[in-house]
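Reviewing the structure listed below.
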Amino acid sequence: MIRWVLAWVLSASMAFAQVAVDPDRSAVRDGWWTLEVTLGLAEIVPYRVFTLDDPRRLVLDFEGASFDAIDPDAIRSGDRAAAVRIGPLRPGWSRMVVDLAEPLTVSEAGMRATEDGATLQVVLERASAEEFAAASGAPPDPGWEVVTGFDSAVASAIARSEDYVVVIDPGHGGIDPGATQGGVKEADLTLVMAAELANALNSLPRVRAVLTRETDSFVPLTTRLTLARQVGADVFLSLHADALDDDAVQGATVYTLSQDGGDAAAQRMVERHERGDLLAGVDLETAEDRVATALMDLARAQTGPESRRIATALVSSLRNAGVRMNNSPLREGQFAVLTAAEFPSLLIEIGFLSNVEDRAVLATVAGRARIIAAIADTVSLLAR
Ligand SMILES: [Zn+2]
């Protein structure tokens, strides 16, 4: 049985070329007893294939392939593939995730040169739930890990410095776009805002801002904390702008790690955010262990009071700056990114993309500037 397939093709030109995937030669369709994924590419690229359980999904990663011309819904047919998602994984890499409606294991996978360039063919066969579980898991090859770290010399220089280190975490990114409403994508908005906030913070004396991502790339939640630890974060600020079904919900909200499960609204928000990792094909097994147990208690005990103190100060700064606030602006939730025991952490919903007025404010530099000024105010007090 094939557990996963790794294929490396060494080519000097590969690093910069973007190899187009051709929609006319690409399909995800049912065979008689199988599910078949066929992708036509302009040339052979490095790729890997594996399946993950709970929920069952097929993950395909490609280096240097451009899926710009591919509409995931248009290439999918039949019943065995419930959904197809495609997006950037990290610079140079893309990921395709196929949700499987039933247990199907990889029986055949290969990319071969053709007259048109290259074709990837993956065939999955029906299997029992047990067989699927046994065959699933992310490949161990470290060269393919999603985890990227900062350059260790640079990171430890930041950690050793006297600076107050603010780690800004632009929510979502890459194959996890976050909320999308009215043409605004949460992952893009948080990235723009993070860059603006970093500028503002870096102009403060003895403050150093570091971003967990600087491009439209996917960074797993646990990696975001690893990056913060690497640079010796003094505070961790995760930026979000979500959408809710209720478009009346509006205004900025500051979350800290909850003592218990948090209220129902907070729980829904947490689920949305853990799902981002799941949808992106990250194996959450270790993340679940972590969230469930001791570390969370440790985080609450060590940094909980400090996080709540900072959150309270930030909410009054935001109010003073005239920022549109949520009717309950100080909230708690069990967000994975708030579970570090080494530094206080806040998750800031800068507003809701589902609310027309919020969206209008967040879409402008001037609108964001008020929020940024309020955060900078709070940080300048902390850094003293
Ligand atoms: Zn979000």
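Whatever order the structure lists ligands and atoms in, that order sets their numbers, starting from 1. What you see is a predicted model, and the numbers here were worked out from it, not measured in a lab.
Nearest N, O or S atom of H273 to the Zn ion (ligand 1): atom NE2. Per residue E186, closest N, O or S atom to the Zn ion (ligand 1): atom name OE2. When distances from the Zn ion (ligand 1) to the N, O or S atoms of H240 are compared, ND1 comes out shortest.
With a 4.5 Å cut-off on side-chain heavy atoms, R112 and Q121 do not count as touching.
Between the side chain of R359 and the main chain of G351, no donor-acceptor pair closer than 3.5 Å is present.
Angle OD2(D242) to the Zn ion (ligand 1) to NE2(H172): 160° [nearest 10 degrees].
Just one of V210, V207, I372 meets the side chain to side chain contact (heavy atoms under 4.5 Å, CB included) condition when paired with L201; it is V207.
The existence of a salt bridge linking R206 and E162 is excluded, since no basic side-chain nitrogen approaches an acidic carboxylate oxygen closer than 4.0 Å. Salt bridge annotation for E271-R268: absent, with no cationic side-chain nitrogen under 4.0 angstrom from a carboxylate oxygen.
Within the coordination shell of the Zn ion (ligand 1), defined by N, O or S atoms under 2.8 Å, E349 is absent.
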